[in-house]
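Chain identifiers are assigned alphabetically (A, B, ...) following the order of the sequence lines, protein sequences preceding nucleic acid strands; residue numbering begins at 1 within each chain.
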Amino acid sequence: MTWIDFPLYGSIIGILWIIGLLFLVISYKKQAVLKIANLLFITGWAVLLLFVIKLWLELDRPPMRTLGETRLWYATFLPLIGFVTYIRWKYKWFLAYSIGMATMFLAINYLNPETYSKTLMPALQSPWFIPHVLVYLFSYAVLAASSIVAIKGWYDSYKQKFNIETLKLADNLVYIGFAFLTLGLLFGALWAKEAWGHYWTWDPKEVWAFLTWMGYLIYIHYRNFHIHKTKQALTILAMAFVVLLVCWFGVNYLPVANTSVHTYTNY
Amino acid sequence: MSDDNFKIQRNLWENPWGYVESFFIGFGLIITGLFLEVFSSSKNAFTISYPYNVFFLVGYMLLLFMLFKWFSNTQLIRWLTKVPASISSIALVTFMVMIMGIIPQVTSQNNLINNLGLNHITSNWAFLLILFQFLTCLGLISIKRILQFKWSNFGFILNHVGLFLTLIAGILGTGDLQRLSLNVYEGKPNWIATDLNGQEVELPFAFYLKDFLIDEYNPKLALVDNKTGSISHNDGKNLYLVEKGETYYFHNFEVKINEFFPNSGRFGKRYEPVNEIGSPPSASISVKNTKTDSVQNAWISSGSFRYPYESFKISEDYSVVMTIPEVKKFSSDIDILTKEGERISTILEVNKPYKYKGWKIYQLSYDEKMGKWSNLSVLELVKDPWLPLIYTGIFMMIAGAIYMFWMGNKITKNN
Ligand code: HEM
């Protein structure tokens with residue numbers, strides 16, 4: 001078992017998951033179909049797990065040295081986080097999102113076979129690397145979703161038919177996303193300590209990640225104590241998302257960019 | 001908290017202080033801090049070290065506790081334990097950090113930035129003062145919730161106490177943090193390290209480097225544009241790793257790798273494996289032009305600090321080159337020698353530091369010009385006595401985050 005078998009395994013998993021996603025979409029109309037979707041997801045996941053284990057045994061080391069191998073781990077763990085979140089919060093689109101992302105990572109590996117061997121520098125070869133990136137990926141997705149909900153809230157209140165349920169959905173998403181964001185920050189700190197001997201250096205990317213975190217912290221506290229000031233809450237949520245976007249894409253364009261160590265992390 | 005309050009006409013500074021007063025106080029702190037920056041003569045960062053930081057910590061905790069216990073009816077403490085004070089301090093800390101995220105933290109061309117200390121925010125008085133208010137709020141509400149302990153406060157305490165511990169230990173701990181770097185050459189014991197200011201520090205133990213090892217990835221094959229000398233992007237694909245037997249395609253060329261030697265030397269027209277310092281990798285390739293079906297054979301090499309590289313011109317426009325191999329892993333096989341005559345063997349590697357007598361020893365770097373023939377290993381030694389406290393805080397926050405994910409928030413739950 002090596003990467004040579006990946007196209008076969010990858011296609012099987014991809015097909016299972018895509019059909020599963022179709023069933024999931026149908027389940028919005030017919031709830032019973034969701035079972036089939038879940039069955040397909042789990043079967044696909046089991047196949048993926050089999051591939052990872054066999055690859056690991058074959059390589060005789062944890063497959064964590066190349067970008068391709070790293071993506072394989074993303075594809076393995078995303079559905080897991082998706083399932084846990086689904087079991088707890090019953091957001092179906094969320095499960096779909098995590099499976100979709102995982103499929104995308106498998107597809108990237110399939111389309112760029114030569115990147116299996118793309119090299120990973122020593123500092124990135126850490127057991128913290130994957131959890132760190134993964135929880136961030138997840139947290140950004142959830143927080144982005146909370147902003148979409150906020151936009152809906154704005155629109156509704158403009159139309160004079162604002163429903164408080166909208167904001168409650170945003171709240172829940174912020175809590176989930178914020179929890180993952182906290183984990184991302186802390187895993188990053190623990191990893192930096194292992195790799196370089198300091199947990200926090202105020203590197204530009206770290207600064208903006210911290211700002212994002214603080215932005216959502218303001219939202220959480222504001223919401224908790226001014227339950228009826230929905231407009232202000234929506235505004236804070238929108239501003240926090242702007243900071244998140246700067247952190248995600250914008251840091252490279254700021255005057256501070258050339259002092260960042262994070263510019264190589266293009267997953 | 002009451003939204004109803006909002007509707008009642010209330011004068012500034014009348015009970016209870018709200019957002020306006022909170023931001024007033026916050027900006028007051030920041031402006032005071034900036035004045036201190038401009039007028040204070042000392043340009044050194046403010047740090048306190050053992051034992052004063054321990055005194056400070058104990059004193060601060062006692063003070064917070066007493067304030068809460070005996071003065072919680074005063075205006076000031078009531079304000080500090082309520083949400084407006086917290087939100088304003090969170091917002092203003094965010095504001096100060098945002099300055100750090102925009103203005104590069106180095107000496108600036110702009111005198112205003114230098115004078116106000118906006119290029120060293122982490123040690124700027126304005127930042128320290130507002131952070132102090134932030135910590136005081138956090139500390140007081142933590143005490144409040146701990147004293148009225150309920151299981152439903154569990155997540156709250158994990159998050160707030162965890163953050164408090166992490167921050168306070170991180171801030172106070174910088175004074176005791178020691179970070180030394182030490183160069184050790186193969187076969188020569190060394191116990192003299194240098195600190196961040198370039199001062200020599202004598203260690204009570206020595207390092208002896210038995211072997212410095214680098215694991216490299218295979219070099220990569222790239223196509224270079226003969227005119228510009230830069231790597232030509234092969235339709236956005238990555239560079240290919242050189243491996244015996246592989247065939248790669250660039251435009252209308254089929255490049256087959258017949259042979260690959262990680263260490264080799266040139267003998268006449270070909271390369272042979274050799275094992276000496278500075279012997280570069282090389283490969284024998286066959287290049288087939290699929291348009292004309294003509295095949296050419298050649299040897300290419302990435303060269304090293306001792307030998308020149310060798311590329312192969314496949315057409316008027318392009319040459320095939322071999323890139324310098326990238327490092328996969330580097331490690332030092334070392335002995336730690338103590339004064340008592342003990343000898344401890346270990347292997348240091350990136351991401352795998354070694355703990356010894358309160359020091360954490362990291363593999364930092366090596367002689368990059370020599371690459372895998374480096375006989376120098378640069379180690380870093382870090383002593384951080386406050387680490388257990390910081391880790392306690394971090395793990396409390398991790399637990400708090402998981403709690404938060406699982407429980408959700410009370411606003412949605414109540415309904
Ligand atoms: C890890 C970061 C933090 C998280 C996850 C967090 C979360 C929360 C939550 C969920 C609540 C409402 C919980 C409840 O009422 O049981 C709360 C309350 C509160 N938080 Fe935070 N918070 C954090 C940091 C902070 C900071 C940095 C401050 C102050 C500078 C702060 C000040 C407060 C205050 C004053 C309350 C109200 C407490 C009360 O009225 O008893 N929090 N926080």
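- No other option in B/Leu364, B/Leu381, B/Leu177, B/Ile394 has as many heavy-atom pairs under 4.5 Å with chain A as B/Ile394.
- Between A/His226 and B/Tyr19, the ring-plane angle classifies as tilted under the 30° and 60° cut-offs.
- For the atom pair B/Ile398 CD1 and A/Leu186 CG, the distance stands at 5.0 Å (nearest 0.5 Å).
- Per-residue heavy-atom pair counts under 4.5 Å with chain A were compared for B/Val382, B/Ile390, B/Val93, and the maximum is reached by B/Ile390.
- Neither the backbone nor the side chain of B/Asn159 has a heavy atom closer than 4.5 Å to any heavy atom of chain A.
- Looking at B/Gln105 and A/Trp202, their side chains never come closer than 4.5 Å, going by heavy atoms from C-beta outward.
- Contacts of B/Ile121 with chain A are absent, with no heavy-atom separation under 4.5 Å from either backbone or side chain.
- Applying side-chain contact (heavy atoms from CB on, under 4.5 Å) to B/Met98 and the options A/Val246, A/Val207, A/Val243 leaves one that passes, A/Val243.
- With a threshold of 4.5 angstrom between heavy atoms, A/Trp213 approaches chain B through side-chain atoms but not through N, CA, C or O.
- Heavy atoms only, all atoms of each residue included: B/Ala401 and A/Ala179 are closest at O-CB, 3.2 Å.
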(request) Evaluate the criterion side chain to side chain contact (heavy atoms under 4.5 Å, CB included) for residue pair B/Thr122 and A/Trp200; output intermediate values, then yes/no. (result) CA-CA 12 Å; B/Thr122 48; A/Trp200 199 265; over 6 Å; no
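- Counted within 6.0 Å of NZ on B/Lys352, heavy atoms from surrounding residues, nucleotides or ligands total 12 or fewer; the atom is thus considered open.
- If you measure heavy-atom distances from B/Val97 to chain A, the contacts under 4.5 Å come from both the backbone and the side chain.
- The parts of A/Ser126 that come within reach of chain B are both its backbone and its side chain, each placing non-hydrogen atoms under 4.5 angstrom from that chain.
- The closest donor-acceptor contact from the side chain of B/Tyr391 to the backbone of A/Leu190 lies at 3.5 Å or more, if one exists at all.
- Heavy-atom minimum distance, A/Glu194 versus B/Lys360: OE2-NZ, 3.0 Å.
- Residues A/Lys193 and B/Tyr362 are in side-chain contact: their nearest non-hydrogen atoms beyond the backbone lie under 4.5 Å apart.
- From A/Phe180, atom CZ reaches atom CD1 of B/Ile402 across 9.0 Å, with rounding to the nearest 0.5 Å.
- Although no hydrogens or angles enter the test, the distance criterion places a donor-acceptor pair under 3.5 Å between the side chain of A/Trp89 and the main chain of B/Phe405.
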(request) List the steps and the verdict of side chain to side chain contact (heavy atoms under 4.5 Å, CB included) for B/Asn351 and A/Trp191. (result) CA-CA 8 Å; B/Asn351 274 315; A/Trp191 170 20; 3.5 Å; yes
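- Summarising the local packing, NZ of A/Lys152 is surrounded by 12 or fewer heavy atoms from other residues, nucleotides or ligands at distances under 6.0 Å.
- Annotation: B/Lys355, atom NZ; neighbour count of heavy atoms from other residues, nucleotides and ligands within 6.0 Å does not exceed 12.
- To the nearest 0.5 angstrom, B/Phe95 atom CZ is 11.5 Å from A/Leu211 atom CG.
- In this structure, chain A has a heavy atom under 4.5 Å from the side chain of B/Phe134, while its backbone stays farther away.
- In this structure, chain A has a heavy atom under 4.5 Å from the side chain of B/Leu163, while its backbone stays farther away.
- Note that the CD atom of B/Glu380 and the NE2 atom of A/His198 stand 6.5 Å from one another [nearest 0.5 Å].
- Neither the backbone nor the side chain of B/Tyr403 comes within contact range of chain A; no heavy atom of the residue lies under 4.5 Å from a heavy atom of that chain.
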